[in-house]
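For reference, the structure is listed below as structure tokens.
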2 protein chains.
Amino acid sequence: MSTNDTREAIMDAARLMVQANGYNALSFREVAKAVGVKSASVHYHFPTKGDLGAALARRYTEELTGYLGGLLALPDSGERWAQYYTDVFRSPLLNDNRMCMAGIMAAEHSDLPSEVRLEVNRFIDANVEWLAAVLSKRAPKADAALIQRQALAIFAAIEGAQLIARGRGDIAAFDQSVEAYRVAGLLP
Amino acid sequence: MSTNDTREAIMDAARLMVQANGYNALSFREVAKAVGVKSASVHYHFPTKGDLGAALARRYTEELTGYLGGLLALPDSGERWAQYYTDVFRSPLLNDNRMCMAGIMAAEHSDLPSEVRLEVNRFIDANVEWLAAVLSKRAPKADAALIQRQALAIFAAIEGAQLIARGRGDIAAFDQSVEAYRVAGLLP
DNA sequence: ACCTGAACACCGTTCAAGT
DNA sequence: ACCTGAACACCGTTCAAGT
């Protein structure tokens, strides 16, 4: 197994743990066990837990922005973007009731090393920017500050729907909340 | 110091820790240090961490339902309930960027002992019930299922606004999201 | 009734040592 | 370049022992 494989295996195992139980529950010894090395070896690839957490969050943001960028390029994305976007936050619930990595890390905010906090903020910013871009497409004459505020609110509301659905262990709570957002007009 | 005083001191210290860092970061040794006893003594009052967590969540729900019950009795609460309610979730952010105990525990869902999970669900239910009661007052003829769904969505959206504001360390994000909910009509 | 010290298996981290 | 064993100070929990 090459170096890169071990590093990738560490990130894959760690990602699942964070989305299942949060940054605090991420354990170097457990990651090592899942990968088949010793915990000291995990420290070789990621010197501190903060380094690993920040790397996970950075990759997570990159994956999402890549996907969202593709959506924006679709000719008729204006019609279906809301569905595609909410599905991104629905899918981890389907996968063993997991959560958005940034959402669960936001809850752990004061426990996070600063390098991890920074990546959480970047994830939030990337989502708000994308949502604002979509809203602007749909209403080109709307006030920029108002668009920004609505984008933030949509992101917060979807994260909240995911949080509550997870707390209840009931994905229907997510669907019902999102539907109510749509009815209210918060979500186009 | 009487027995009761020690028990109360434990709950007070533990509550602050959970709202600051979550259930996972709650430490018997740290609680003991804050109270001025040894960790084994904390175990005398709360045999397991799950017992302590469940007791905290139960009291938290009781305090909120007591407060909300009072609001419902106000003659003109229909006009101001939204403001009072959102302020409940705004205040912990003001207090060292803390979070709603149920919100942060919902994020830790799969890590929680079942007795703690149960109390988290009760907190959510209590909030949704109260919101549904208020919505029914304002629209007596509305469909019950629709009211229930909107109540859940309001709760989820407010929790999400708190989560994101905390993740950013910026209370303005909470205020802007809530304002956007109001503009959209999700929040009356 | 309430508290404690000591032990147990965990944790992240460090570091000298191996290959 | 990559991995390991051993040590350190932490953690929740248990329990016999103190008052």
Side-chain angles (χ1 to χ4, degrees), chain A residues 1-18 20-57 101 104-105 108-117 119, chain B residues 1-18 20-57 101 104-105 108-117 119:
Chain A
M1 188 159 68
S2 79
T3 299
N4 215 35
D5 283 347
T6 301
R7 202 189 141 88
E8 289 304 307
I10 289 171
M11 289 192 77
D12 289 346
R15 179 192 169 132
L16 286 175
M17 289 183 192
V18 171
N21 301 318
Y23 176 81
N24 272 307
L26 175 62
S27 154
F28 271 52
R29 280 180 172 83
E30 288 296 316
V31 169
K33 204 177 294 175
V35 174
V37 293
K38 299 296 172 181
S39 76
S41 180
V42 179
H43 281 282
Y44 172 78
H45 293 281
F46 301 94
T48 70
K49 192 170 162 178
D51 291 325
L52 177 53
L56 291 173
M101 194 185 290
I104 195 163
M105 282 180 166
E108 300 175 290
H109 182 265
S110 56
D111 245 17
L112 300 177
S114 60
E115 63 269 27
V116 181
R117 265 187 225 177
E119 295 300 333
Chain B
M1 189 157 68
S2 81
T3 300
N4 216 34
D5 282 349
T6 301
R7 205 188 138 87
E8 288 304 307
I10 288 170
M11 290 191 76
D12 289 346
R15 179 194 169 131
L16 285 175
M17 288 181 192
V18 171
N21 300 320
Y23 176 82
N24 272 308
L26 175 62
S27 155
F28 271 52
R29 281 179 171 83
E30 287 295 316
V31 169
K33 205 177 292 176
V35 174
V37 293
K38 298 296 172 182
S39 77
S41 181
V42 179
H43 282 281
Y44 172 77
H45 294 280
F46 301 94
T48 69
K49 192 170 161 177
D51 292 324
L52 177 53
L56 290 174
M101 195 187 290
I104 195 164
M105 282 180 166
E108 299 174 291
H109 181 265
S110 56
D111 244 17
L112 300 178
S114 60
E115 65 269 27
V116 180
R117 265 187 226 180
E119 295 301 332

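A note on names: the letters A, B, ... follow the listed sequences, proteins ahead of strands, and every chain is numbered from 1.
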A:D12 and A:L16: side chain to side chain contact (heavy atoms under 4.5 Å, CB included), yes or no, with the steps?
CA-CA 7 Å; A:D12 289 346; A:L16 286 175; over 6 Å; no
Could you tell me the separation between the [atom1] atom of [X] and the [atom2] atom of [N], rounded to a whole number of Å?
{"X": "A:N24", "N": "D:dC10", "atom1": "CG", "atom2": "C1'", "answer": "14 Å"}
{"X": "A:H43", "N": "C:dA17", "atom1": "NE2", "atom2": "C1'", "answer": "18 Å"}
{"X": "A:D5", "N": "D:dC3", "atom1": "CG", "atom2": "P", "answer": "10 Å"}
{"X": "B:F46", "N": "C:dA1", "atom1": "CZ", "atom2": "P", "answer": "17 Å"}
{"X": "A:F28", "N": "C:dT14", "atom1": "CZ", "atom2": "C1'", "answer": "12 Å"}
{"X": "B:H45", "N": "D:dT14", "atom1": "NE2", "atom2": "P", "answer": "17 Å"}
{"X": "A:K38", "N": "D:dG5", "atom1": "NZ", "atom2": "C1'", "answer": "9 Å"}
{"X": "B:K49", "N": "D:dT14", "atom1": "NZ", "atom2": "P", "answer": "14 Å"}

C:dG12 phosphate, OP1 or OP2: any side-chain N/O from A:S39 under 4.0 angstrom?
no
Do you know which two heavy atoms are closest between A:M105 and A:A57, and how far apart they sit?
SD-CB, 4.4 Å
5′-ward residue of the pair A:E30/A:P47 relative to DNA chain C:
A:E30
Counting only Watson-Crick or G-U wobble pairs whose two distances fall under 3.5 Å, which nucleotide matches D:dC15?
C:dG5
